[in-house]
Amino acid sequence: MLEKTYQPAEIEPRINDAWTRADAFRSGRPDRAGAAAYSIVIPPPNVTGSLHMGHALNNTLQDVLVRFERMRGRDVLWQPGTDHAGIATQMVVERKLAAENKADRRNMGRQAFLDEVWRWKEESGSTIVNQLKRLGASCDWSRERFTMDEGLSRAVIRVFVALYREGLIYKDKRLVNWDPKFQTAISDLEVVQVEKKGSFAWVPPEAGKQQDGDPEKPFDAEALGKVLKKDPSGHMYHFRYPLAQKVPGYDSDFIVVATTRPETMLGDTGVAVHPKDARYAALLKAGAKVRLPLVGREIPIVADEHSDPEKGTGAVKITPAHDFNDFEVGKRHDLAKINVLDAFGRMADTAEVPEPYRGLDRFEARKRIVADLAALDLLAKIEPTSHTVPHGDRSNDVIEPWLTDQWYVDAAELAKPAIAAVESGRTTFVPKNWEKTYFEWMRNIQPWCISRQLWWGHQIPAWYGPDGHVFVAYDEDEARAQAEKHYATSPPPSWGRSGGEIVLTRDEDVLDTWFSSALWPFSTLGWPDETAELKRYYPTSALVTGFDIIFFWVARMMMMGLHFMKEVPFHDVYIHALVRDEKGQKMSKSKGNVIDPLALIDKYGADALRFTLAAMAAQGRDIKLAPARVEGYRNFATKLWNAARFGEMNECVRQFDFDPSAVKHTLNRWIVGETERAANAVTAGLEGYKFNEAAGAIYEFVWGVYCDWYLELIKPILAGDDEQAITETRACTAWVLDQCLKLLHPFMPFITEELWAHMVEHGEQRLSLLCLSEWPKLAGLASPAADEEIGWVVRLVSEVRSVRTEMNIPAGAKIPLVITGASEATVARARRHDETIQRLARLESIAFETAAPKGAALIVIGEATVALPLEGVIDMGAERKRLGKEIDKAEGDRTKAAAWLANAANVAKSPEHVVELNRERVAEAADRIARLTAALKRIEG
């Protein structure tokens with residue numbers, strides 16, 4: 001007998017062990033050798049990671065799909081694995097070494113440090129994998145891969161060398177996102193934009209004001225320095241750049257430029273104005289130049305549409321070595337690129353930087369430069385502003401656009417077939433609107449910087465000769481052979497050889513983590529070897545991922561898959577939304593609103609969390625997660641458990657030869673038809689990636705149809721003396737429960753597998769685990785006559801219950817029911833189900849009259865009018881007043897929320913979750929008004 005109480009903490013580990021012992025999730029099962037393949041690659045979580053709510057959503061949706069397809073008989077591969085996560089892992093290990101008072105990596109040396117990283121990976125790297133298993137992820141864990149595995153590393157080197165030899169990988173000096181703390185380039189994905197707001201303004205004395213409010217006090221550089229010390233960020237600094245010589249037709253001898261980063265002005269190589277800006281026409285015509293303050297270098301004024309004439313003075317300083325937009329302007333006008341910062345974010349110790357600023361921290365230099373320009377009467381004003389400043393997501397340091405030599409991929413060339421593949425429909429995005437985002441980025445794609453100044457990662461397979469000549473090869477022996485051939489005609493000097501061999505130095509940089517991740521769909525299947533897995537499971541069927549990595553991962557997998565496999569890596573890309581808190585706000589540690597999925601699993605069970613996420617995963621809509629919702633679906637699991645116990649206690653056991661199309665009793669004909677409809681709805685939902693619709697369909701069927709109606713309606717049969725009806729109903733009850741377990745399994749795998757195994761103590765033995773059983777394929781079971789008969793009973797009882805709730809009728813009060821205008825068929829139907837209707841609707845009696853009594857609430861069902869006499873049960877006058885007040889209150893709530901939404905300023909300045917909250921208030925109030933108005937009409941009628 002089932003335990004009285006559903007206990008997920010006891011069930012889930014045991015079920016996981018059963019799946020593992022049975023090797024249930026292994027791909028390539030012999031019994032499915034002739035089946036169609038279905039494959040998904042997991043977005044590999046960082047080896048440093050721990051399960052967060054985004055992982056929980058992403059992996060739940062993948063697991064729903066693979067369990068669904070596995071039950072449909074497909075040969076399923078859900079390919080698992082983890083990513084080495086270069087900078088994140090290196091940071092974790094460096095912190096660990098510091099905490100243990102060990103030598104840092106540079107004192108330790110590269111190989112010793114890498115040994116430490118591998119040791120840490122072996123000890124701690126499986127954390128998130130074990131957490132995914134707790135969630136119920138049915139990956140083929142025997143095939144787990146790691147992006148630094150020997151096989152995957154071989155694939156990475158093969159791709160790098162091939163692309164280099166095709167001219168699609170090259171080395172160039174360009175701007176990158178530079179992290180001064182970690183001393184490496186980082187990707188755009190690792191950059192967080194932090195808003196900075198200024199707190200002060202300053203204008204020079206001649207404008208009638210001074211920084212301390214005293215217009216008579218002369219300029220004091222020290223006083224300005226004190227002001228700057230308070231808050232140097234979040235301000236717009238306006239500087240006067242003197243013209244190299246006076247220009248006829250231009251009234252001033254200087255041009256004012258504005259910047260939020262004064263320290264980079266030492267590297268300015270131009271000033272840009274809009275070509276149609278009349279204010280500067282004379283300067284452009286004369287080919288004017290300015291003399292860069294503090295430096296003395298003459299730099300040109302150029303015409304470029306990058307400058308916005310409506311913004312500020314319309315003139316902007318151009319610093320190609322320290323701003324991505326300026327870099328492009330510099331290319332268009334052949335401006336010099338002067339680097340004035342070093343790798344640590346300090347002013348460089350070079351001739352281009354005036355001596356007083358060399359070695360200063362960039363923010364200290366900012367204050368010094370502003371004060372010095374003010375002393376030279378070249379500071380026009382300082383304004384507070386609001387702007388975003390890039391920070392490293394892990395270092396939390398301000399990121400610098402910095403000019404360095406890096407390795408690049410010609411992404412624009414690789415993007416062409418990737419764009420065409422989506423245009424032609426070979427790969428489809430769901431929801432489809434994400435294709436627009438994909439196209440916009442791919443059609444404007446920039447060279448992809450793939451080198452990182454780290455030690456943990458795939459070291460770039462490039463070696464440098466004594467004169468700096470580069471040799472890209474699969475290994476050092478091949479590189480040495482290339483070098484011998486290259487230097488055969490022009491040998492290097494004697495110092496370029498050691499022991500007769502040419503001295504080669506390997507590039508110390510490693511590859512961007514996304515480079516190896518881009519190969520994931522085929523490298524995990526054994527490429528570059530021609531493996532059986534590669535042939536069977538590539539291209540994969542679907543990819544499930546978040547919108548935030550469409551550019552960084554999805555697009556790059558498309559490029560690499562098409563280039564090396566000549567085929568798209570996946571047919572469908574399902575893009576899911578964010579999981580937010582219950583108010584619709586993005587979860588963050590700073591807000592303190594992060595919800596830990598493992599804590600929810602501990603409290604409510606994995607099934608409850610999984611079902612919550614699937615039920616709320618509407619396409620294109622963020623999930624507003626409240627623990628109360630998870631608790632609600634835990635109650636759903638308990639409802640299912642209790643239904644199974646009811647069946648067990650009433651000897652509803654599985655019959656091997658049960659034929660649902662042969663049932664005779666009306667109730668059973670009705671429920672098998674409802675089961676068919678539910679199975680079709682769940683199947684259609686999952687096939688269309690409409691997880692919420694599929695979850696909603698099975699929830700409504702299990703709770704709303706099977707538990708609340710069918711199990712209640714069959715109680716008189718089971719308690720009666722018609723043995724044939726009892727036998728059929730018991731078998732039908734068990735059969736429908738089996739279908740419930742199958743349809744629920746992708747969403748709630750643990751409880752369904754437990755009940756599947758348990759519900760055979762007195763019936764036919766199972767032929768397989770539930771996860772390997774057959775998905776319901778039902779047709780031809782619906783009975784219009786049974787639907788009409790039972791549907792009428794369900795509608796009648798539901799309406800009576802609604803009236804009882806709306807009218808505040810005491811739960812224990814039994815009231816009479818009067819039916820008027822009923823046909824003979826309706827009268828007969830009511831009499832057949834008299835006992836059931838009275839029991840479920842808590843009625844005193846059912847009578848048939850020609851007219852409804854006074855003081856009754858009226859319900860219309862078909863041709864009949866159903867009256868509930870309420871005189872003496874409730875105060876009708878008081879109830880009218882109560883309903884009227886409730887309607888007025890709801891109208892007020894709706895009007896208030898609608899007025900707020902009608903104010904464009906409110907909508908524009910408020911966070912999305914606040915706007916959405918007011919939309920919900922309008923909808924909820926409208927629904928409340930409709931229900932209360934219907935209740936009032938019943939009384940008035």
Side-chain angles (χ1 to χ4, degrees), residues 661 663-677 700-701 704-706 708-717 719-720 722 724-725 728-729 732 780-807 809 813-871 873 876 930-931 933-941:
S661 65
V663 294
K664 294 181 172 55
H665 197 284
T666 303
L667 262 177
N668 297 330
R669 296 206 320 274
W670 169 73
I671 194 61
V672 298
E674 290 288 341
T675 305
E676 178 188 322
R677 280 187 281 273
E700 177 55 35
F701 176 69
V705 177
Y706 183 65
D708 276 0
W709 291 110
Y710 181 68
L711 296 186
E712 287 296 327
L713 293 170
I714 65 173
K715 285 178 180 177
I717 300 175
D722 185 338
Q724 186 175 0
E728 179 186 278
T729 300
C732 187
L781 300 180
S783 166
D787 290 345
E788 175 62 27
E789 174 97 355
I790 305 304
W792 183 88
V793 175
V794 169
R795 286 196 302 276
L796 174 60
V797 174
S798 298
E799 290 287 353
V800 173
R801 286 174 172 175
S802 294
V803 170
R804 295 185 68 109
T805 301
E806 291 163 0
M807 303 300 184
I809 298 171
K814 287 196 171 185
I815 55 178
L817 181 142
V818 177
I819 302 177
T820 65
S823 65
E824 289 183 12
T826 298
V827 172
R829 182 181 295 150
R831 285 178 173 155
R832 277 195 300 275
H833 300 283
D834 181 280
E835 184 277 333
T836 297
I837 295 169
Q838 289 192 52
R839 176 169 56 88
L840 296 180
R842 297 193 301 280
L843 299 175
E844 181 181 73
S845 62
I846 299 176
F848 300 90
E849 303 289 350
T850 56
K854 291 183 178 180
L858 304 180
I859 304 166
V860 177
I861 298 182
E863 85 291 352
T865 299
V866 178
L868 292 170
L870 300 178
E871 287 288 359
V873 179
M876 300 291 278
R931 286 187 286 105
T933 301
L936 186 59
K937 285 181 178 178
R938 284 198 181 104
I939 293 178
E940 292 170 345

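The shortest non-hydrogen separation linking P784 to A782 is CD-O, 3.9 Å. Between R804 and A841 the shortest heavy-atom distance is NH1-O, 3.5 Å. Taking all atoms of both residues into account, the shortest heavy-atom contact from R839 to P716 is NH2-CD, 3.5 Å. Residue P869 comes nearest to P816 through the heavy atom pair CD-O, 3.4 Å, listed as atom of the first residue, atom of the second, then distance. Shortest non-hydrogen contact noted between A851 and T820 is C-CG2, 3.5 Å.
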Test log, rule side chain to side chain contact (heavy atoms under 4.5 Å, CB included), inputs R831 and F848: CA-CA 10 Å; R831 285 178 173 155; F848 300 90; 3.8 Å; yes
Audit row: L781, T675, side chain to side chain contact (heavy atoms under 4.5 Å, CB included) steps and yes/no: CA-CA 9 Å; L781 300 180; T675 305; 5.9 Å; no
From CA spacing to verdict: side chain to side chain contact (heavy atoms under 4.5 Å, CB included), V794, V797: CA-CA 5 Å; V794 169; V797 174; over 6 Å; no
Side chain to side chain contact (heavy atoms under 4.5 Å, CB included) between D722 and I717, worked out: CA-CA 7 Å; D722 185 338; I717 300 175; over 6 Å; no
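Counting heavy atoms from C-beta outward, I714 and W709 have side chains that stay 4.5 Å or more apart. Contact annotation: the side chain of Y706 approaches that of L711 to within less than 4.5 Å [non-hydrogen atoms, C-beta and beyond]. Side-chain contact between I846 and I837 is present, with at least one heavy-atom pair separated by less than 4.5 Å.
Summarising the geometry, atom CG belonging to L713 is positioned 6.0 Å from atom CG belonging to L840; distances are rounded to the nearest 0.5 Å. Note that NZ of K664 is 12.5 Å distant from OG1 of T729, once rounded to the nearest 0.5 Å. In this structure, the separation between CG on L868 and CD1 on I815 is 4.5 Å, given to the nearest 0.5 Å.
The backbone N or O of S783 sits nowhere less than 3.5 Å from a side-chain atom of R669 that would complete a donor-acceptor pair. Looking only at distances, no side-chain donor or acceptor of E789 sits under 3.5 Å from a matching main-chain atom of T666. Side-chain N or O atoms of R829 include none that pairs as donor or acceptor with a backbone N or O of I790 at under 3.5 Å. Although no hydrogens or angles enter the test, the distance criterion places no donor-acceptor pair under 3.5 Å between the side chain of E728 and the main chain of N668.
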Under 3.5 Å, which donor-acceptor pairs link side chains of residues 853-866 to any protein atom two or more places apart or in another chain?
{"from": "E863", "atom 1": "OE2", "to": "S823", "atom 2": "N", "distance (Å)": "2.8"}
{"from": "E863", "atom 1": "OE2", "to": "S823", "atom 2": "OG", "distance (Å)": "3.1"}
{"from": "E863", "atom 1": "OE2", "to": "T826", "atom 2": "OG1", "distance (Å)": "2.7"}

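Applying the side chain to side chain donor-acceptor pair (under 3.5 Å) criterion to D834, with sequence neighbours excluded, gives Q838.
Stacking of R677 on the aromatic ring of W670 is not recorded, the 6.0 Å distance cut-off and the 45° axial limit not both being met.
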